[in-house]
There are 2 protein chains.
Amino acid sequence: MSREVTIYDIAKELNISAATVSRSLKNHPAISDKTKQKILATAKEMGYRSNTFARNLRRQKTNTLGVIVPRLNSTFMSEVIAGMEKVANEAGYNLIISQSLEMMKKEAINAATMFNNRVDGLLVSLAYDTDSIAHFEPFIQKNIPLLFFDRICDQQQYAGIVINNYQAAYEITAHLIEQGCQNLFHITGNLSRNVYADRFNGFRQALADHQINHSPEYLLINNLSAQEGKATAHLLLQKKTLPDGVFVANDTCAVACMLELMEKGIRIPEDIAFTGFNNDPISWVVKPQLTTVHYKGFDMGETAAQTLINRLNHGQEASNQTIVLPHELISRQSSLKHATS
Amino acid sequence: MSREVTIYDIAKELNISAATVSRSLKNHPAISDKTKQKILATAKEMGYRSNTFARNLRRQKTNTLGVIVPRLNSTFMSEVIAGMEKVANEAGYNLIISQSLEMMKKEAINAATMFNNRVDGLLVSLAYDTDSIAHFEPFIQKNIPLLFFDRICDQQQYAGIVINNYQAAYEITAHLIEQGCQNLFHITGNLSRNVYADRFNGFRQALADHQINHSPEYLLINNLSAQEGKATAHLLLQKKTLPDGVFVANDTCAVACMLELMEKGIRIPEDIAFTGFNNDPISWVVKPQLTTVHYKGFDMGETAAQTLINRLNHGQEASNQTIVLPHELISRQSSLKHATS
DNA sequence: TTGTAGGCGTTATCAC
DNA sequence: GTGATAACGCCTACAA
């Protein structure tokens, strides 16, 4: 393993000082174009590559952003990552990515690792069961920019990148009501997570605004996995009266629940209309296709990364507002009743 | 932003040398337990955290593994990443992940970034159109361990982690034949990729071994996206004689193709039986459910990371064999004809 | 426009 | 067992 070429080697080769080499490589204005050219050429020729550690050590900066997500394996989240990667790359940042696997404990461990690796900033979408953000304290104390996205922290002082989950839920619920549904249920996740709380609130408000009464048991909470979707189907079947419309807070769970009910002879959407959330590929593959809410993960990733980078560049002055991105209702008639009125 | 605590600060605090502090922190055997305890306590108390750059600079090692994958957004790949992350974490390595988005050009850029970031080793699954691995030359020249997985490099000297694609394809094709299919087609990706070449060969061999003739147009190549799956459906419809069985090299494309054909009045599986590859969630959600091949992405990720780390620890002596992981045929009768004999 | 010199925080090599 | 010291490669006042 041959030794690495350093700026000193280049300097010696050209009989100039290392400082000049360093400056040329950074395209410093004070260096004449001629020397710059010469140095760049020699650097390439000698196979020079800058040493990130030395640079980081000197500058007290890593040019690395940390990302902690609940899971990587959803269409949505991988789009988010792709968007982040694009922006980060263009701005000269690297991404270190880790998954909490929906566990606060692992989220905390990951946060500690990120901290020790001196990430310049951290992007986080909270785990399912996170009920304290104490593990992010070190970042706050050291003033390392911390930005939440999608599943954000409800405390006022922490801004984040989100969509209007309330509004989206309102719209999709109103849609069900317009199709003639009268007895609506909602299946969702931990209401401590903003995304689920907001969706529930939107759902409730839509019911209220349309003067729809609801069963006292209209709210069903699970972890939104396929498995629990299936289990919840059985739970529904044991109710005295079945709902005629169900709004599920994600597509995976919606599809699993729906398929299980069909298995048991329930007709979808004639007996029960279903809607989901996320516009996951399974929502358009499943029969009947699922009405759902689409929001661009890629854009969210881009926005999150860009916002964080702005904050890195401009420090405290940078805005700390929560940013709300647009969403879109994807209405697939096949999953909806037709209005009976 | 208060200045970071260094080993010198701890040393000064305790009136000892920085060297002793450093050794204690590394749990060096030559330090007495008493001093060690004292130092550890003070370090914690002062909020010390070791500086990775200084450490890396000194040791010429980053404790970071690079990962380049075609895309993150598949169930399979996210499982791979999860497996890698687990092993890497346990061994004290970090992961830097990037996507080539199936483009060799971006793969090359990513490789360069990884190289400049001095990753200790690199894990790669090749992009769809990669036809040269010249962009990995710097790693080879500098003797930085490079390991391919799933979509590996066919050149002999580069080992990798794979499944037996040939065997899996053979099995699934034989399955179709046993169900009575006589006119089989194969839809797959770029045959320069080992995974697709091997699957094609397995398919062909199964036909040969069962004395099944095939149409001269039985091989259809596309990029295996949903979009092209749909397009290929139309292509099939223009054939003089439709196939009665199709083996598609991934589930996404299989499902898209199948759904489009059903849209056009073809009965699945009565007219055409379909099989896929990957055991993606859509393969069990779609009706009829798709017979497919399952292989554990998580295991592949674990194995790949572990193999790379072994090579880092043991240098050249470490084995450089290609490792073949098991797969499993997931037979879902609903997607298959019943044997007619 | 270019050069000099010191320091970023750690670890390895000597010495004691 | 512990301490002093010299790198690791780069950046940046300050000087020339």
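Labels below follow one simple rule: chain letters A, B, ... track the order of the sequence lines, proteins then strands, and each chain is numbered from 1. Scope of the values below: all heavy atoms of this structure, side chains included, with no hydrogens, waters or symmetry mates. Just so we're clear, the structure is a prediction, and the values are computed from it rather than from any experiment.
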Value in whole Å for how far the [atom2] atom of [N] lies from [atom1] of [X]:
X	N	atom1	atom2	value
A/His28	D/dT12	NE2	P	9 Å
A/Ile7	C/dG3	CD1	P	12 Å
B/Asn56	D/dA7	CG	C1'	16 Å
A/Glu4	D/dA7	CD	C1'	16 Å
A/Leu57	D/dC11	CG	P	11 Å
B/Leu14	D/dG1	CG	P	19 Å
B/Leu25	C/dT11	CG	P	8 Å
B/Asn51	D/dG9	CG	C1'	14 Å

Think [X] has a side-chain N or O under 4.0 angstrom from the OP1 or OP2 of [N]?
X	N	value
B/Ser22	C/dT10	no
A/Ser17	C/dT4	no
A/Thr35	C/dT2	yes
A/Thr20	C/dG3	yes
B/Gln60	D/dA7	no
A/Ser32	C/dT2	yes

Qualifying residue, where the test is side chain to side chain contact (heavy atoms under 4.5 Å, CB included) with B/Ile96 and the options are A/Asn94, A/Leu95, A/Ile97, A/Thr64:
A/Asn94

Using 30° and 60° as the class limits, which term best fits the ring planes of A/Tyr295 and A/Phe76: parallel, tilted or perpendicular?
tilted

A/Asn27 versus A/Lys36, side-chain donor and acceptor atoms under 3.5 Å
yes

With hydrogens left out and only the distance checked, is there a donor-acceptor pair under 3.5 Å joining B/Arg49's side chain and the base of C/dG9?
no

Using only modelled atom types and a 3.5 angstrom limit, is any donor from either the side chain of B/Arg58 or the base of C/dT10 paired with an acceptor on the other?
no

Please evaluate residues A/Lys86 and A/Glu302 with respect to the criterion salt bridge (Lys or Arg N to Asp or Glu O under 4.0 Å), reporting the C-alpha separation (whole Å), side-chain torsions for both, the decisive distance (0.1 Å), and the verdict.
CA-CA 7 Å; A/Lys86 173 162 174 274; A/Glu302 279 189 316; 2.9 Å; yes

Other residues, nucleotides, ligands: >12 heavy atoms within 6.0 Å of B/Gln155 CD:
yes

Among [options], which is the nearest nucleotide to the side chain of [X]?
X	options	value
B/Ile16	D/dG3, D/dG9, D/dC10	D/dG3
A/Thr6	D/dC10, C/dT11, C/dT2	D/dC10
B/Ile31	D/dC10, C/dG9, D/dT2	D/dT2

Validate the cation-pi geometry between B/Arg49 and A/Phe115: distance from NZ or CZ to the six-membered ring centre under 6.0 Å, angle to the ring axis within 45°.
yes

Judged by nearest nucleotide, the residue sitting upstream toward the 5' end of DNA chain D, A/Arg23 or B/Asn15, is B/Asn15

Can you work out whether A/Lys26 or B/Arg59 has the more 5'-proximal nearest nucleotide on DNA chain D?
B/Arg59

Which is true for B/Tyr8 with a 4.0 Å heavy-atom rule: it touches a base, it touches only sugar-phosphate, or it touches nothing?
base

